[in-house]
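Computed from a predicted structure; not experimentally measured.
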Amino acid sequence: MVEGRIVKVSGPLVIAEGMRQANMFDVVRVGEKKLIGEIIEMHGDRASVQVYEETAGIGRGDAVISTGAPLSVELGPGMIQNIYDGIQRPLGTLFEKYGANLLRGVDEPALSRETLWHFDATAAVGDEVTGGDVLGTVRETELVLHKIMVPPRGKGRIKSIASGDYRVDETVAVIEDESGREREITLCQKWPVRIARPYAEKLPPAEPMITGQRVIDALFPIAKGGTACVPGPFGSGKTVVQHQLAKFSDVDIVIYIGCGERGNEMTDVLREFPELKDPRSGESLMKRTVLIANTSDMPVAAREASIYTGITIAEYFRDMGYSVAVIADSTSRWAEALREMSGRLEEMPGEEGYPAYLTSRLAQFYERSGKVVCLGRDRRGGTLSAIGAVSPQGGDISEPVTQATLRIVKVFWGLEAGLAYRRHFPAINWLNSYSLYKDRLAPWFAENVSRDWMKNVGRMMTILQTESELDEIVKLVGVDALSASDRLTLEVARSVREDFLQQNAFEDGDSYTSLQKQFALMSLVLSFYDKAKEAIDKGADVEKVAVLPVREKIGRAKSVPEEAYRDAYAAIDGEIDTELAALTEGDR
Amino acid sequence: MVREFKTIEEVAGPLMLVKQVDGVKYDELGEIELPDGSVRRCRVLEIDGSNVLVQLFENSAGMNLAESKVRFVGHGVELAVSRDMLGRVFSGMGEPIDGGPRLIPEKTLDINGTPINPAARNYPSEFIQTGISTIDGLNTLVRGQKLPIFSGSGLPHANLAAQIARQAKVRGTDSQFAVVFAAVGITFEEADFFISDFRRTGAIDRTVLFVNLASDAAIERISAPRMALTAAEYLAFDCGMHVLVIMTDITNYAEALREVSAARKEVPGRRGYPGYLYTDLATMYERAGRKVGCEGSITMIPILSMPEDDKTHPIPDLTGYITEGQIILSREIYRKGYLPPVDVLPSLSRLKDKGIGEGKTREDHAGTMNQLFSSYARGKEAKELMVVLGEAALTPIDRLYAKFADEFEKRYVNQGFSEDRSIEETLDLGWQLLSILPKSEMKRIKPEILERYWPKKEDKTGDGAVGA
């Protein structure tokens with residue numbers, strides 16, 4: 001064990017002498033309080049350490065002791081439903097043991113050593129196994145069957161294995177390799193957070209991650225295994241979008257990382273998710289969720305680590321063959337943590353003071369997502385989707401973090417303050433957002449929802465595009481100068497915006513929409529368009545078409561519950577016919 | 001252990017370098033004794049070998065490198081707290097300045113506090129009635145929230161803050177808020193406005209004031225808000241009170257921070273502010289809230305003036321990313337003479353959804369709120385169009401929206417600084433204004449709510465007007 005002495009303290013950065021024998025990225029304990037830190041630079045026998053806790057009270061000559069191991073997470077049953085800080089300390093346990101405020105130097109294992117888990121062996125003595133093979137399962141929650149796998153580099157023949165109740169650190173199986181060395185397998189394994197967990201093969205994503213959010217699923221879908229970013233100024237609803245995704249995405253596991261954001265938002269997730277029901281399984285949403293909370297007032301260095309902690313846990317569940325979504329709010333705060341440490345290390349800054357390696361670090365993070373064939377003989381598939389919020393200063397997306405992110409991710413949901421002011425939520429701008437998965441996912445939608453899905457989506461986009469062009473004209477010469485059919489387009493565009501795109505996250509009937517209902521709703525809006533157009537061609541007055549009572553019904557159609565929408569929409573469609581017919585007849 | 005050093009090597013702006021120092025800890029408080037016996041305070045910013053860089057809390061005038069002594073006291077900057085703080089006035093460094101006796105402290109607390117474990121927070125959800133329609137109705141404040149006021153120079157943010165402090169109450173209880181007020185680099189007149197307003201209304205007895213005036217040392221501004229928050233935490237979490245913290249003006253705080261950062265020659269972020277401004281502000285703002293198992297709460301209303309009314313300036317921008325919404329004041333509304341001049345559309349309360357509705361305010365609150373927002377937004381758009389093209393260019397429905405926007409500003413936004421409206425009055429006023437528009441436009445309101453609350457007499461201005 002290497003022990004050095006502190007020579008310099010500057011905020012979260014500590015420099016220690018006598019550390020020649022330590023390794024880069026080793027975890028160290030600093031000072032009397034044994035604060036947790038990580039070596040991030042070595043110069044001769046001087047090591048620069050970023051400390052994950054507040055360094056007040058640390059002085060020259062205090063000890064820095066290396067643990068000889070890199071920053072790692074514990075992976076095993078007990079992570080689901082838990083809330084961790086940026087370096088995987090269990091916040092719930094800390095609260096019970098140490099009170100409501102976070103004390104320094106406290107150390108608690110991430111996984112409870114007391115809980116007994118029931119292990120069902122699925123492999124047998126004598127089986128030849130390699131890294132990733134499943135030895136058995138633990139029913140962690142109603143929604144998650146935790147697979148106990150041979151660690152990635154393990155290989156050999158099972159010498160002993162037995163079902164039964166175990167604690168996470170007890171041996172459930174022993175594997176003997178060719179040279180006769182035995183390896184004990186426990187329910188938990190460790191993995192260094194800065195190294196991506198291996199997989200057999202990466203594949204292009206081909207299936208959408210269904211979110212139940214109309215503007216996302218219909219206009220800018222994300223694939224399972226894909227990447228997306230949500231940039232927006234404050235107050236534009238980033239967090240609500242992220243929460244909705246965490247609630248309703250059709251994935252097996254959600255890892256929600258609150259990185260340098262508000263404490264109350266994490267509390268909200270923590271208190272609300274257990275009460276919410278998963279629309280597919282009917283179980284509590286918390287039973288598939290892991291929370292990582294390093295809020296803005298918690299130490300900045302641990303914020304830097306929180307992103308890696310989160311994605312490593314996500315990779316572990318992906319390796320079991322699950323679809324996992326990592327939702328990080330917000331990557332800008334993570335970048336700021338990088339910037340702060342970089343400044344303290346007196347590195348030459350890049351743009352706006354951010355370090356020159358910002359882009360490559362971001363790319364490394366997002367590249368850990370993807371659709372893969374997992375290690376293990378059954379070649380099971382797993383996906384890891386990564387969604388990051390970005391908080392550009394002043395909402396100006398030309399700033400470095402947003403630009404670096406946009407170069408990597410495939411989906412861009414641009415939030416706009418103007419829409420938020422009008423309480424158009426989700427405030428995703430339909431003109432500048434994009435999804436590069438659209439074409440790849442088209443066959444899936446055609447097969448699983450409707451062949452007309454892409455056609456309808458395309459028509460809605462055209463209507464919205466036309467609206468923005470017509471708006472320019474209206475601003476110059478007024479609405480009277482438009483032809484009747486253009487005025488109808490404007491009316492329908494409003495309907496697309498208000499009746500389809502707008503979605504109220506706080507209203508039960510509207511918060512989640514299945515793909516079938518989404519399709520029916522867009523068909524309804526477009527049906528009005530087609531029929532009204534026909535009526536206008538026959539001479540109906542566009543003013544009167546615009547104020548037909550049925551339009552209010554179309555406006556309320558989105559809150560019709562899932563089980564009743566088919567009949568309700570058919571009835572509304574019928575009313576469109578009768579009311580339009582009455583208009584054309586009345587005019588004659 | 002007290003260690004004294006006479007090795008001051010350098011004083012430059014707010015920073016001082018002391019050499020050949022041993023045994024000093026990061027963030028430790030130091031006292032500098034001048035040759036004339038006066039004492040000034042400082043704290044450790046960086047330890048590099050035997051050199052220690054400290055930040056002064058007062059100005060350096062009269063300091064003599066050869067004769068001055070520095071003592072490090074073995075702990076960080078602390079505040080002595082007690083229930084008797086209520087009704088008293090303190091300096092930005094926590095010294096009583098009202099001529100009263102010194103406090104007998106119940107305990108001393110480090111002014112930096114410790115972060116609240118997110119797992120130990122209680123989600124704020126109790127509606128606070130401020131009596132101001134634009135806040136209660138549209139940007140509802142709840143107990144434990146941090147809701148800043150974004151203002152500009154010359155706008156009456158002080159009046160608004162004083163009105164909130166005076167009128168704020170939680171319905172169904174008669175417990176009043178204790179107020180902790182931090183004046184950060186404001187003028188005497190502004191501070192005096194608050195103090196005399198608290199005196200006039202009797203609120204002074206449940207108020208603790210920390211005053212750093214424009215004429216006081218700029219560096220003291222870094223400690224003043226933290227002193228105030230430490231006092232607030234004591235009152236809220238130790239004494240179980242509901243505390244309202246008003247801090248004005250955060251812009252002065254950030255400037256003091258910039259001064260120190262510039263003196264240290266740190267790589268600046270935007271506009272010369274240090275890269276850690278966000279984190280630094282967060283360690284203050286996040287001290288608001290409620291804790292599981294604690295009766296008390298801290299509700300925070302920081303006030304900041306936006307340079308050039310620019311919301312994208314780093315101070316309002318970073319504040320908005322941390323706080324749970326913002327109340328923005330508008331020069332345009334102020335010019336129209338409407339008070340308080342709240343700019344409704346960009347204002348926001350993120351915690352409103354959990355604090356309103358049946359059992360908290362009234363069942364129609366959420367729907368009318370959304371409807372008022374979107375109708376006002378559409379009305380404003382219509383009015384803009386009207387300016388360019390004239391009223392004739394509007395459709396009949398847009399003309400109604402324009403009328404709605406005017407009436408909304410005149411009656412809903414405008415209420416003056418002394419009117420205290422109950423939430424029912426605010427909600428009813430909302431319905432009256434909405435009834436300018438046809439009932440069929442009320443898409444944001446649930447049909448059953450609409451049926452129950454839609455004003456009966458206004459039916460003729462509804463659908464009929466459009467068809468005509």
Part of [X] lying under 4.5 Å from any heavy atom of chain A:
X       : value
R264(B) : side chain
V44(B)  : neither
R350(B) : side chain
I445(B) : backbone
T323(B) : backbone
N122(B) : both
I322(B) : both
D353(B) : side chain
R287(B) : neither
A392(B) : backbone

Given that the side chain runs from C-beta out, which part of [X] has a heavy atom under 4.5 Å from chain B: side chain, backbone, both or neither?
X       : result
I83(A)  : side chain
R556(A) : side chain
R487(A) : side chain
V479(A) : both
D499(A) : side chain
R339(A) : side chain
D85(A)  : neither
R303(A) : side chain
E261(A) : both
E54(A)  : side chain
L91(A)  : both
V14(A)  : neither
E17(A)  : neither
T295(A) : side chain

Select, from [options], the one with the greatest count of heavy-atom pairs under 4.5 Å involving chain A.
options                            : answer
E384(B), Q326(B), K380(B), H75(B)  : Q326(B)
V267(B), V344(B), I116(B), N112(B) : I116(B)
A282(B), S50(B), A393(B), P118(B)  : P118(B)
R444(B), E381(B), K146(B)          : R444(B)
P124(B), S125(B), P268(B)          : P124(B)
K354(B), Q145(B), E266(B), M284(B) : K354(B)

From CA spacing to verdict: side-chain contact (heavy atoms from CB on, under 4.5 Å), T114(B), R104(A) = CA-CA 9 Å; T114(B) 47; R104(A) 296 187 295 154; over 6 Å; no
inquiry  = Would the distance check show the side chain of Y321(B) and the main-chain N or O of P392(A) forming a donor-acceptor pair, the cut-off being under 3.5 Å?
reply    =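 Yes, because the side chain of Y321(B) sits within donor-acceptor range (under 3.5 Å) of the backbone of P392(A).
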Sidechain-backbone polar pair: R422(A) side chain, L345(B) backbone, donor-acceptor under 3.5 Å =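 Such a contact is absent between R422(A) side chain and L345(B) backbone.
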message = Both conditions, 6.0 Å and 45 degrees, for the charged tip of K291(B) above the ring of F95(A): are they met here?
response =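 Cation-pi check for K291(B) and F95(A): fails.
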query = Distance under 6.0 Å and angle within 45° of the ring axis: does R423(A) meet both against F373(B)?
reply =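 Yes, a cation-pi geometry.
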key: Audit row: Q502(A), S374(B), side-chain contact (heavy atoms from CB on, under 4.5 Å) steps and yes/no   = CA-CA 12 Å; Q502(A) 271 182 20; S374(B) 58; over 6 Å; no
message = If you count heavy-atom pairs within less than 4.5 Å of chain B, which of E265(A), M266(A), M298(A) leads?
response =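 Among the listed options, the one with the most contacts to chain B is M298(A).
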task = Quick one: do L94(A) and N117(B) satisfy side-chain contact (heavy atoms from CB on, under 4.5 Å)? Show the steps, please.
result = CA-CA 8 Å; L94(A) 293 187; N117(B) 185 336; 4.0 Å; yes
inquiry  = Holding to side-chain contact (heavy atoms from CB on, under 4.5 Å), I want the full list of residues that pass it with R270(B), two or more places apart in sequence or in another chain.
reply    =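 Scan of R270(B) (side-chain contact (heavy atoms from CB on, under 4.5 Å), adjacent residues dropped) gives E352(A), Q393(A), P314(B), D317(B).
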key: Approximate separation, where rounding is to 0.5 Å, of I58(A) CD1 and D27(B) CG   =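 The distance works out to 11.5 Å.
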key: Derivation of the side-chain contact (heavy atoms from CB on, under 4.5 Å) call for Y278(B) and E340(A)   = CA-CA 11 Å; Y278(B) 174 84; E340(A) 186 168 343; over 6 Å; no
task = Answer yes or no: are there more than 12 heavy-atom neighbours, outside E308(B) itself, under 6.0 Å from its atom CD?
result =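 Not more than 12 within 6.0 Å, no.
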message = Can you give me the closest heavy-atom contact between R60(A) and G49(B), atom names plus distance?
response =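 For R60(A) versus G49(B), the nearest heavy atoms are CD-O, 2.8 Å.
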task = For residues I47(B) and I6(A), determine if any side-chain heavy atom of one lies less than 4.5 Å from a side-chain heavy atom of the other.
result =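 When only atoms from C-beta onward are counted, I6(A) and I47(B) do not touch, as no gap falls below 4.5 Å.
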task = Measure the shortest side-chain to side-chain distance between P396(B) and E543(A) over non-hydrogen atoms and say whether it is less than 4.5 angstrom.
result =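 With C-beta onward as the side chain, the pair touches.
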